[in-house]
Amino acid sequence: MNAAGLALVREFEGLSLKAYRCAAGVWTIGYGHTGTVDHKKVHSGMTITRARADSLLAADLAKCWGYVNSVCYVPLTRELNQNQKSALCSFAFNCGSNNLKTLCQNRSVEEIAEAMLLYNRVGGEVLPGLSRRRQAERELFLTEEEGETFDMKTLQRGDQGQQIKVLQKLIGGLKMDGIFGPKTENAVREAQNQLGLKTDGIVGPKTWQELLK
C-alpha cells in the first residue's frame with residue numbers, strides 16, 4: 001500500500017488506544033481494528049500501546065492487500081496501478097472482502113470508481129464520514145500513479161485532498177493533513193529554491209517532476 005493510501009486509512013480510521021463501539025456497534029481499537037488482540041476479543045476496557053496499534057494495522061492491511069491482489073475478488077487487479085490498489089485496500093479495510101468482491105465483479109475501472117460512492121450507509125442511513133471516505137478513496141483511485149508526473153494535478157494554496165498529502169510526504173517535515181496552507185506553501189517555495197525552480201509556491205509539472213525524482 002502506498003503512502004497516500006496509508007495516510008487515507010489513518011486519517012479516516014483515527015487512532016484509539018482504548019476500545020470503543022464503532023457506528024455499527026462493533027467493539028474496535030487502534031486504527032479500526034476489530035476481532036481479537038493477543039487471542040482476546042476486543043472488549044470494553046481493553047487498552048493497547050501505539051506500537052501494538054501500528055502492528056495490528058499492518059497485519060489488517062496485509063490481509064486486505066491480499067484480497068485486492070486476488071482475481072477472485074478484483075478481476076481487473078493485474079491492470080490496476082498502486083493508487084487504484086491502495087484505494088481498494090482502504091475500501092476493503094472499511095467495508096470487508098465481500099463488499100470488495102461485489103464492488104469489483106463485472107465492472108470496468110470507471111464503473112468501480114463510481115460504484116464506490118454507494119457504500120456510505122450503515123443500517124440504511126447515510127453517514128457523512130463514510131461519504132467523505134468514499135470520495136477520498138475515489139479520488140485516489142482516479143489519481144495517476146506517482147511518477148506519472150505529466151498528469152499530476154497542479155496544486156496551490158487553498159487546495160485540499162489526497163494529492164496534497166502526497167506532496168507533503170515528498171517534501172517532508174510537514175503534517176500530512178491534506179490542506180495546502182501557508183506552511184505547505186512556504187515549504188514548496190523553499191523546495192523550489194533548492195531545486196533551481198521558479199519560487200512561486202505553485203506545484204506544477206516541473207515541480208512534480210523534480211520532487212518525484
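Below, each value reflects all heavy atoms present in this structure, side chains not excepted, and no hydrogens, waters or symmetry copies.
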[X] vs [Y] side-chain heavy atoms within contact, under 4.5 Å:
X: Leu155; Y: Thr184; result: no
X: Val203; Y: Trp208; result: yes
X: Leu130; Y: Tyr119; result: no
X: Leu103; Y: Phe91; result: yes
X: Leu117; Y: Gln135; result: yes
X: Ile164; Y: Ile179; result: no
X: Trp27; Y: Arg21; result: yes

How would you list, by chain and number, every residue that makes a side chain to side chain contact (heavy atoms under 4.5 Å, CB included) with Thr199, sequence neighbours excluded?
->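 So Thr199 forms a side chain to side chain contact (heavy atoms under 4.5 Å, CB included) with Gln192, Asn193.
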
Donor-acceptor contacts, no H, no angles, side chain residues 47-56, under 3.5 Å, sequence neighbours left out:
residue: Thr49; atom: OG1; partner: Arg52; partner atom: N; Å: 3.1
residue: Arg50; atom: NE; partner: Tyr31; partner atom: OH; Å: 3.4
residue: Arg50; atom: NH2; partner: Tyr31; partner atom: OH; Å: 3.3
residue: Arg52; atom: NH1; partner: Ser55; partner atom: OG; Å: 2.8
residue: Arg52; atom: NH2; partner: Asp38; partner atom: OD1; Å: 2.9
residue: Ser55; atom: OG; partner: Arg52; partner atom: O; Å: 2.8

Return the minimal non-hydrogen interatomic distance between Leu8 and Ser90, and the atom names on each side.
->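 Nearest heavy atoms, Leu8 then Ser90: CD2-OG, 3.1 Å.
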
Which value, rounded to the nearest 0.5 Å, describes the distance between [X] atom [atom1] and [Y] atom [atom2]?
X: Met1; Y: Asn83; atom1: CE; atom2: CG; result: 10.5 Å
X: Asn2; Y: Gln84; atom1: CG; atom2: CD; result: 11.0 Å
X: Leu195; Y: Glu190; atom1: CG; atom2: CD; result: 11.5 Å

Output, in order, the C-alpha distance, side-chain angles, deciding distance and verdict of salt bridge (Lys or Arg N to Asp or Glu O under 4.0 Å) for Arg189 and Glu185.
-> CA-CA 6 Å; Arg189 290 180 183 275; Glu185 182 179 29; 3.4 Å; yes

Flag for Gln168-Asp177: side-chain donor and acceptor within less than 3.5 Å =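 On atom types as modelled, these side chains qualify, holding a pair under 3.5 Å.
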
Going only through I, L, V, M, F, W and Y residues with side-chain contacts under 4.5 Å, is there a path from Leu88 to Leu142?
->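 Leu88 clusters together with Leu142.
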
Once the angle between the rings of Tyr73 and Tyr67 is folded into 0 to 90°, is it parallel (under 30°), tilted (30 to 60°) or perpendicular (over 60°)?
->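 Tilted: the ring planes of Tyr73 and Tyr67 meet at 30° to 60°.
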
What pairs with Asn69 under side-chain hydrogen bond (donor to acceptor under 3.5 Å, both in side chains), at least two apart in sequence or on another chain?
->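 Partners of Asn69 by the side-chain hydrogen bond (donor to acceptor under 3.5 Å, both in side chains) criterion, ordered by chain and then number, come out as Lys85.
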
